[in-house]
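Here's the structure, in C-alpha cells; my notes come after.
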Amino acid sequence: MTTSRAETPTQSLTLTEELILMLLNEESGYFHQVPGWDLNCAVVGAVLAELSLRSRIDTDPESLFVIDETETGMPTLDPILTEIAAEPVRRTTQYWIERLAPRAESIIDWNLDRLVELKVLEHHDGEFWTLSRETWQSAMFGTPSEETAVQFVRTRIGNAIFNNEIPDPRDVIIICLINTCDVFRFMFQLDEEAEERIRFICQMDLIGRSIAEAVAQNLAGPLLRRSALIRTAPVAPLRKLLLHPELRKGNIPALFADLGRQYGPVFQIRPPFTEPMTFLVGTETNHWAHRRGRMYLRARDYFVGFEKVYGASGVLPALDGADHFRLRKSLSSAYSRKRLAGQMDELYGRARAHMTEWTVGDSYPATGMSRRMINSQISPFMVGVETQDIIDDLLKFKERALSVHIMKIMPEFMLKTPGMRRRVKFIETLLERIQGVHTPAQRLGRHPDLVDDYLSLHASDPQFMPESNLRFAFTAALVASAYLGDALSFTVYAMASQPEIYARIRAEADALFEGGDPDPDDLNPSTIDVTHRFMMECMRMYPVVPMSIRHVMNSCAVEGYELPVGTKVVIAQTATHYMEDVFPDPFTFDIDRYLPPRNEHLSPGYAPYGLGTHTCLGSRWMELQLAVNLLLIAHHFTLEVDPKNFKFRFNPIPSMKPSGRLKFRVAEQRRELSV
C-alpha cells in the first residue's frame with residue numbers, strides 16, 4: 001500500500017524544517033557548504049513560502065502582501081505574518097527577505113530544536129546534528145511504506161529531478177531554494193540532464209520562482225550592504241590591562257568581564273611586537289560563537305606550531321569542519337561517561353590507593369597533589385600504562401610548548417633548554433610503554449582505552465589518522481591529568497575553605513558509601529544534589545580554560561563590529577561568569593544559583609567547557625571522575641587550607657590553576673582506606 005500524500009511522514013514538518021533536513025550534511029554535522037548570508041536568505045524564503053502555502057500571503061510581480069491575518073500557531077511564522085501585515089506600504093519580496101534575514105539564525109535554532117523533539121534529529125555536544133537513531137534504524141530496516149521524514153523529503157526531491165515525477169508546490173520551492181544556494185552538487189551526482197531538469201522545475205511555480213529570485217538578488221552583495229552598517233571595534237589601552245587589579249590576582253574571566261563592561265562586547269587589545277587581538281565578551285557573543293562560529297572561525301592557525309612540536313598535523317584541537325566532526329565522532333566513546341562508568345570498581349580502588357600516600361599532619365602542594373591523584377586514574381584508563389614517574393616532566397614540557405606556541409609569551413628557544421631537552425625524551429618513554437602493552441594478546445578481554453580507539457582508526461584509515469599523529473594523541477591524553485587535576489584542586493580548595501559546604505558534601509558521601517561503593521546510577525541528581533551544584537559553582541568561579549583563540553577565515557560582523565579575514569579572535573567565554581547581569585553578585589560562592597527558579601546556568605553565559613564545535617569532548621567523563629574523587633576525599637579525610645590565612649589567587653599561565661603557594665593539610669583521616 002502506498003503512503004498517500006495526506007499521510008506522509010512529513011505532514012507535521014514545515015517547509016523550513018524540510019529545507020533544513022535537505023541541507024543537513026551528516027559528514028560535518030551541520031549544513032552543506034552554504035555561506036551564512038545565503039543560508040539566512042534561503043531560510044527566510046522558506047518561511048515566506050510556508051505562509052504562502054498556508055494562504056496567508058501572496059505575491060504579484062511588484063509586491064508581497066497579506067491575504068489572511070489569522071495566526072498559524074507557529075512561533076516562527078506568526079511574528080513575521082504580523083510584521084508584514086503591519087507594514088503600511090506594500091513591499092517587494094526581495095525587501096522582506098533582506099529585512100527578515102537577520103532573524104534567520106533564531107528561526108534555524110527553533111526548527112533544529114523542534115526536529116530534535118520530534119526525534120528526527122539527534123543533537124550532539126559541540127552543536128552538531130545527525131539523523132536520530134530511530135530515523136536511521138527505520139531507514140535501514142523499515143519497509144518502503146514506512147519511510148522516515150528525512151527519507152521522504154529526499155526521495156521526493158530525487159524523484160522529481162531524476163525520475164521526471166511531477167513535483168508538488170512544496171518540492172518546487174525546496175528545489176528552487178537549494179538550487180539558489182548552489183548546493184545540489186554536494187547532495188547528488190548531477191549530469192547535464194539533471195541540471196536542465198532542475199532549471200525546468202524552478203520555473204514551474206510562481207511563488208517558488210518569485211521567492212527564489214528574491215533570494216538570489218539578496219545574495220548578490222551582502223558584504224557591500226553590511227559594510228555600511230558595521231563599526232570598528234574600540235581599543236582597550238594596554239595599560240588598562242596591565243594595571244587591572246584582577247590581572248594581579250590572575251582572575252582572567254573577571255578581568256575581561258570588567259573590560260567588556262567598559263568597552264562593550266567586541267574590543268581590541270594591541271600588544272607590542274605581535275598582531276592585535278579582538279576579544280568577544282558577553283552572552284550574545286557566546287551565543288554567536290557557539291552556533292555560528294563554525295562558519296567564520298577556525299582553530300588551525302594558532303595550533304600549527306604546537307602540533308609540530310610533536311611531529312603531528314591535523315590533530316583534534318586543530319581540525320575544523322567535516323574532518324573535525326568525523327574524528328570527534330570516532331573518539332566520542334573513548335571520552336564518554338559510559339566508558340568510565342564501566343570501570344567504577346577500578347576507579348574507586350585507584351583513588352583510595354593514591355590516598356594511602358597521604359599522612360595526617362602533612363601538607364601537600366595543591367596543584368601537584370591533585371594532578372598526581374587524577375593521573376593515577378587517567379593514565380591506566382586512557383593509555384593503559386602507569387606514568388606517575390614521568391607525568392610531571394610530560395606536563396612541564398606541554399605547558400612550556402603552550403606558552404611558546406599558543407600563548408606566545410616565550411621565544412622558541414625556551415623549548416630547547418637543557419631541561420626541556422631532557423623532558424621531551426619522556427615522550428618516547430611513554431610511547432614505548434604504550435606499544436609494549438597494546439598488543440592483541442595483552443588487550444584481549446580488557447576494557448578498551450583511548451589508545452585502542454586511535455589504533456583502530458589508524459588501521460582502518462591510515463591517511464585520516466596517520467602514524468605521525470599518534471605521538472601527539474597519546475601524549476595529549478595525559479593532559480587531562482593537568483586540566484582535571486586543576487579542577488580537583490579548585491574544588492578541594494572551595495570545600496576546605498567552606499566548612500558548612502564540606503559538611504553537606506560529606507553527608508552525601510557518607511550516605512552513598514554506607515553500604516559499599518555506589519554504582520554509577522547511584523550518583524544521580526537526588527543523591528549528590530549539593531555536590532553537583534557545588535562542582536558547577538566551582539566551574540563558574542574557577543574555570544580551568546577561560547578562553548579560546550581562533551582566526552577569522554570568512555569576514556563577518558559580530559554585534560555590529562567587523563571581523564576581517566585573518567583577525568586573531570579571543571573568545572573570552574567565561575567572562576560572563578563574572579557579569580552581574582548573568583550571575584548576580586558574581587564574586588560570591590553560591591550553589592543555589594542552579595536551583596529553580598534561578599537556573600542561572602541555563603544560558604550561553606555558563607561556558608566552563610568551551611563553546612561550539614570544540615566544546616570539551618570529555619565533559620561528562622570529567623564530571624563523573626571529579627565527583628567520585630571529591631566524594632571519596634570528603635568521606636575519608638578532613639583537609640584544610642594551608643596556610644590558614646591564604647588569600648586565593650590564580651596562576652593563569654598557560655591555563656588556570658591555584659597559586660603555587662596553596663597547600664592542603666591532612667587534618668584528619670576519618671576512615672580506613674580499603675584497597
*Assess the side chains of His458 and Glu467: does a donor N or O sit below 3.5 Å from an acceptor N or O?*
no
*Taking every non-hydrogen atom, the tightest pair across His32 and Phe186*: ND1-CB, 3.5 Å
_Glu428 atom CD: more than 12 heavy-atom contacts under 6.0 Å_ = yes
_From Leu115 atom CG to Leu131 atom CG, the distance as rounded to the nearest 0.5 Å_ = 10.5 Å
_Test ring pair (Phe, Tyr, Trp, His ring centres under 6.0 Å) applied to His123 and Trp129, Tyr30, Phe128, the passing residue_ = Trp129
*asked:* If you define the side chain from C-beta out and look only at heavy atoms, does anything of Gln377 sit under 4.5 Å from Asn629?
replied: yes
*For Phe464, does its backbone N or O pair with a side-chain atom of Asp461 as donor and acceptor, under 3.5 Å?*
yes
*List the steps, then state whether ring-ring contact (aromatic ring centres under 6.0 Å, His included) holds for Tyr302 with Phe306.*
CA-CA 8 Å; Tyr302 83 99; Phe306 187 72; 9.2 Å; no
*Indicate yes or no: does Asp449 engage Arg443 in a salt bridge with an N to O separation below 4.0 Å.*
yes
_Leu450 side, atom CG; Ile378 side, atom CD1 - distance, nearest 0.5 Å_ = 10.0 Å
*Below 6.0 angstrom between ring centroids: does that apply to Tyr296 and Trp288?*
yes
*Is there a donor-acceptor contact under 3.5 Å linking the side chains of Thr439 and Gln442?*
yes
_Between Asn111 and Ile107 (side chain of the first, backbone of the second, donor and acceptor by atom type, cut-off under 3.5 Å), is there such a pair?_
yes
*Within 6.0 Å of CZ in Arg292, more than 12 heavy atoms from elsewhere*: yes
*CZ of Phe474 to CZ of Arg433: how many Å apart, nearest 0.5 Å?*
15.5 Å
_Can you list everything that forms a side-chain hydrogen bond (donor to acceptor under 3.5 Å, both in side chains) with Asp453? Sequence neighbours excluded, please._
Arg339
*Residues that Glu27 engages under side-chain hydrogen bond (donor to acceptor under 3.5 Å, both in side chains), provided they are two or more places apart*: none
_Pair Asp392 + Arg372: basic N to acidic O under 4.0 Å_ = yes
_Heavy-atom closest pair, residues Met420 and Leu415_ = CB-O, 3.3 Å
*asked:* Please determine whether the number of non-hydrogen atoms from other residues, nucleotides or ligands lying under 6.0 Å from atom CD of Glu275 exceeds 12.
replied: yes
*Could you tell me whether the side chain of Ile549 reaches within less than 4.5 Å of the side chain of Lys568, counting heavy atoms only?*
yes
*So, Ser370 side chain and Thr367 main chain: donor-acceptor pair closer than 3.5 Å or not?*
no
*asked:* Just so I know, are the side chains of Val545 and Tyr609 near enough to count as touching, which here means a heavy-atom distance under 4.5 Å?
replied: no
*Do the non-hydrogen side-chain atoms of Val424 and Ile427 ever get within less than 4.5 Å of each other?*
yes
*asked:* Would you compute the distance between atom CG of Leu563 and atom CG of Leu280 and round it to the nearest 0.5 angstrom?
replied: 6.0 Å
*Tyr335 versus Leu340: any side-chain heavy-atom pair under 4.5 Å?*
no
_Any side-chain to backbone donor/acceptor pair from Ser460 onto Ser456? Under 3.5 Å, distance only._
yes
*Could you tell me whether Arg350 and Glu346 have a side-chain N and a carboxylate O separated by less than 4.0 Å?*
yes
*State whether the number of non-hydrogen atoms from other residues, nucleotides or ligands found under 6.0 Å of Glu193 atom CD is greater than 12.*
no
*May I ask you to test the Met553-Val565 pair for a side-chain heavy-atom distance under 4.5 Å?*
no
*Kindly say whether Pro654 contributes a backbone atom to a donor-acceptor pair with the side chain of Glu399 at under 3.5 angstrom?*
no
*Go through Arg328 and Asp323 one step at a time and tell me if the salt bridge (charged side-chain N to carboxylate O under 4.0 Å, His left out) criterion holds.*
CA-CA 8 Å; Arg328 191 178 174 98; Asp323 285 343; over 6 Å; no
*asked:* Ignoring hydrogens, what is the shortest heavy-atom contact between Ser379 and Leu478? Give both atom names and the distance.
replied: CA-CD2, 3.8 Å
*Taking Asp486 for the side chain and Tyr483 for the main chain, is one N or O donor matched with an acceptor at less than 3.5 Å?*
no
*So, for Asn286 and Pro604, which heavy atoms are closest and what is the spacing to 0.1 Å?*
ND2-O, 2.8 Å
*Grab the two heavy atoms, one from Thr574 and one from Pro546, that are nearest each other, plus how far apart they are.*
OG1-O, 2.8 Å
_Whether the Thr130 and His124 side chains hold a donor-acceptor pair (N or O, under 3.5 Å, no angle test) is what I'd like checked._
yes
_salt bridge (charged side-chain N to carboxylate O under 4.0 Å, His left out) assessment of Asp320 paired with Arg294_ = CA-CA 8 Å; Asp320 297 289; Arg294 77 182 78 213; over 6 Å; no
*Less than 4.0 Å between a side-chain N and a carboxylate O, is that true for Arg156 and Glu18?*
yes
*Decide, yes or no, whether a salt bridge links Arg114 with Asp109 under the criterion of side-chain N to carboxylate O below 4.0 Å.*
no
*asked:* Angle between ring planes, Tyr542 versus Phe490, binned at 30° and 60°: parallel, tilted or perpendicular?
replied: parallel
*Is a donor on one side and an acceptor on the other found under 3.5 Å between the side chain of His324 and the backbone of Thr613?*
yes
*asked:* Using modelled atom types and a 3.5 Å cut-off, is there a donor and acceptor pairing between side-chain atoms of Asn524 and backbone atoms of Asp521?
replied: yes
*Any sub-3.5 Å donor-acceptor pair from Lys657's side-chain atoms to Ile653's backbone N or O?*
yes
*Would you please name every residue forming a side chain to side chain contact (heavy atoms under 4.5 Å, CB included) with Asp393, sequence neighbours left out?*
Arg422, Arg423, Phe426
_Are Leu470 and Leu455 packed together at the side-chain level, in the sense that at least one heavy-atom pair is separated by less than 4.5 angstrom?_
yes
*Taking all heavy atoms of Arg550 and all of Ser548, pick out the closest pair and write down the distance.*
NH1-CB, 3.9 Å
*Determine yes or no for a side-chain-to-main-chain donor-acceptor pair under 3.5 angstrom, with His447 supplying the side chain and Gln343 the backbone.*
no
*Does the side chain of Asn469 come under 3.5 Å of the side chain of Ser313 through a donor N or O and an acceptor N or O?*
no
*Can you find a heavy atom in the side chain of Thr285 that is under 4.5 Å from one in the side chain of Ile571?*
no
